[in-house]
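Only one structure is covered here, and it is reproduced in the block below.
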Amino acid sequence: MKITLIPGDGIGPEVTNSARKIIDASGANIQWEVVEAGASVLEEHDSPLPDNVIDSIKKNKIALKGPITTPVGKGFRSVNVQLRQKLNLYANVRPVKSFDGLPSLHSNVDFIIVRENTEGLYAGIEHNIGEIAAESIRVITKEASDRISKFAFELAKNENRAKVTATHKANILKLSDGLFLKCAKECSSLYKDIEFEDIIVDAMSMKLVQSPQNYDVVVAPNLYGDILSDMGAGLVGGLGLIPGANIGDEAAVFEPVHGSAPDIAGKNIANPTATILSGIMLLKYIGEKDAAEKIETALLKIFKEGKYLTPDLGGNLSTEEFTNEVIRTLN
Ligand code: NAI
């Protein structure tokens, strides 16, 4: 099967190269179609997201993507947000899981954040009011809220999860988050076997830090889901460990939660685990279950042993050495 591979910016090429090598060594039947997006192609194509990238994903339906840099406060619009909107990748799935053997604030953590991926504050509708103010319009629609709620409950059902928690700020944003919450509540009535609760996002942040083991599937509007997933990463060992999937009806793009990490780019010390785990999600999605389980088993073994780790986890292996260790453990 042909899969689009977008190496991305910063540590992107290092971590995607690692995941690619490991997937190739796992025996999965995959051919890669490499296309470039991000700051590195801006000059050549006049756009950080050239048409051939979208065309390739539309054709292959599945992509593995490295992180892409977004300029702060100026410059081009986030390529990541554009991709999600252009391909209507409405569900952002981010599993937060602790691993035996790794340094972590909590153990036995295993919850999945389902983030609405197309609207909310990320609709990017902003304007200046002269020089004295700026306004951002936060769009929440019934259609997207129904769709993401259904996705979260279906995921809970398929993964045998007991509970869905909707998080919101409907006490203050009575109309927009009120609509999101109403849709989640209505959807919950169709899934009698799955417990449903809702929590205001500030309280949710505290509860997640104190007792993340109480959560199974957490569904959230765009911005809250984004923030809570980085927080989730902090609970279980850091951004190097959290994978993600952007899923729509026509395509799916798998990518780590972390960004391009310019502070460590090019140093061969980035942890490729989040991208490898994104690759495992991809393999499961396309039905390559044996290859996915093989890689997962190798990672769990390495983590449990605790000897072969990258610097973010207290080890001294380079990205490349860690990759080779995973490949050795596969065989
Ligand atoms: P970041 O996630 O790149 O880095 C935050 C911290 O975590 C840094 O100290 C970094 O070294 C560390 N870190 C991240 N990934 C790591 C890994 N695999 N191994 C070891 N350490 C790791 O977040 P930051 O610095 O806020 O963003 C950098 C750029 O990435 C920005 O331009 C941002 O817009 C972009 N970004 C892109 C995303 C995407 O493409 N999906 C997602 C998040 C940010």
Side-chain angles (χ1 to χ4, degrees), residues 5-19 22 36-42 48-49 53 57 63-87 89 92-94 96 99 102-104 113 115 117-118 121-122 124 222-223 225-247 252-279 281 299 303 309-323 326:
L5 179 71
I6 307 167
D9 296 320
I11 60 171
E14 297 164 64
V15 292
T16 50
N17 189 36
S18 163
I22 291 165
E36 305 280 349
S40 51
V41 299
L42 185 57
L49 183 56
V53 175
I57 303 175
L64 180 65
K65 173 185 161 298
I68 290 180
T69 300
T70 309
V72 174
K74 58 180 168 50
F76 60 82
R77 264 194 83 204
S78 164
V79 169
N80 309 305
V81 173
Q82 282 189 63
L83 252 185
R84 293 164 191 166
Q85 289 175 347
K86 281 192 176 173
L87 296 164
L89 305 172
N92 190 191
V93 181
R94 297 177 155 186
V96 177
F99 292 99
L102 293 188
S104 173
I113 293 184
R115 163 188 175 196
N117 218 14
T118 59
L121 269 178
Y122 289 70
N222 211 332
L223 180 65
D226 195 12
I227 295 172
L228 291 179
S229 44
D230 270 37
M231 199 177 88
L235 297 175
V236 297
L239 277 166
L241 295 174
I242 310 295
N246 302 282
I247 298 181
V253 176
F254 295 80
E255 63 176 341
V257 164
H258 64 72
S260 55
D263 52 338
I264 56 167
K267 294 186 178 160
N268 194 19
I269 56 169
N271 185 352
T273 302
T275 313
I276 301 167
L277 291 170
S278 306
M281 289 175 83
L299 279 179
F303 293 156
L309 302 174
T310 44
D312 57 310
L313 297 174
N316 56 13
L317 255 54
S318 67
T319 311
E320 208 175 338
E321 287 165 337
F322 179 80
T323 306
V326 178

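What's counted below: heavy atoms across the whole structure, side chains too, no hydrogens, waters or symmetry copies. Order of listing sets the numbers, starting from 1, for every ligand and every atom in it. Quick caveat, the model's predicted, so the values are computed rather than measured.
The proximity of Asn80 to ligand 1, defined as any non-hydrogen pair under 4.0 Å, is limited to the side chain. Contacts between Thr69 and ligand 1, counted as non-hydrogen atom pairs separated by less than 4.0 Å, involve both the backbone and the side chain. When heavy-atom distances to ligand 1 are checked against a 4.0 Å cut-off, Asn271 comes that close through both its backbone and its side chain.
Ligand 1 places these atoms under 4.0 Å from at least one heavy atom of Glu255: 41 (N). Close contacts between ligand 1 and Leu239 involve ligand atoms 2 (O), 5 (C), 7 (O) [criterion: under 4.0 Å to a heavy atom]. For ligand 1, the atoms sitting less than 4.0 Å from at least one non-hydrogen atom of Ala261 are 3 (O), 10 (C), 11 (O), 14 (C), numbered in the order shown with element in parentheses. Atom numbering of ligand 1 starts at 1 in the shown order; those under 4.0 Å from a heavy atom of Ile68 are 35 (C), 36 (N), 37 (C), 39 (C), 40 (O).
Taking a distance limit of 4.0 Å, we find that atom 27 (O) of ligand 1 is approached by no protein heavy atom. Distance check for atom 3 (O) of ligand 1: a protein heavy atom is found below 4.0 Å.
Both cation-pi conditions hold for Arg115 and Tyr122: the charged atom is under 6.0 angstrom from the six-membered ring centre and inside a 45 degree cone around its axis.
Among all protein heavy atoms, the one lying closest to atom 29 (C) of ligand 1 is Ser260 OG, 3.2 Å. Nearest protein neighbour of atom 8 (C) of ligand 1, counting heavy atoms only, is Asp263 OD2, 3.4 Å. Of the protein's heavy atoms, His258 CB, 3.7 Å lies nearest to atom 14 (C) of ligand 1. The closest protein non-hydrogen atom to atom 22 (C) of ligand 1 is Ile264 CD1, 4.0 Å. Nearest protein neighbour of atom 16 (C) of ligand 1, counting heavy atoms only, is Ile11 CD1, 4.0 Å.
Note that the CG atom of Asn246 and the OG1 atom of Thr118 stand 11.0 Å from one another [nearest 0.5 Å]. Here the CZ atom belonging to Arg94 is positioned 7.5 Å from the CG atom belonging to Asn117, to the nearest 0.5 angstrom. The structure places CD of Glu255 at 12.0 Å from OG1 of Thr16, a figure rounded to the nearest 0.5 Å. One distance of note links CZ of Phe254 with CG of Leu89; it measures 10.0 Å at 0.5 Å rounding.
A 4.5 Å side-chain heavy-atom check between Leu309 and Leu102 finds at least one atom pair inside the cut-off. Put simply, the side chain of Leu64 reaches to within 4.5 Å of the side chain of Ser278, judged on heavy atoms.
Nearest to atom 25 (O) of ligand 1 by heavy atom, out of Pro311, Gly244, Gly259, Pro262, is Pro262. By heavy-atom distance, the residue among Asp9, Ile242, Thr70 lying nearest atom 31 (C) of ligand 1 is Thr70.
Residue Leu241 is tested with Thr273, Ile276, Val257 for a side-chain contact (heavy atoms from CB on, under 4.5 Å); the sole match is Thr273.
With no hydrogens or angles considered, no side-chain donor-acceptor pair links Ser18 and Thr319 at under 3.5 Å.
Here the side chain of Thr310 pairs no donor or acceptor atom with the backbone of Asn316 at under 3.5 angstrom. Put simply, the side chain of Glu320 never gets that close to the backbone of Asn268: no donor and acceptor are under 3.5 Å apart.
Heavy-atom distances between Asp230 and ligand 1 stay at or above 4.0 Å for every pair.
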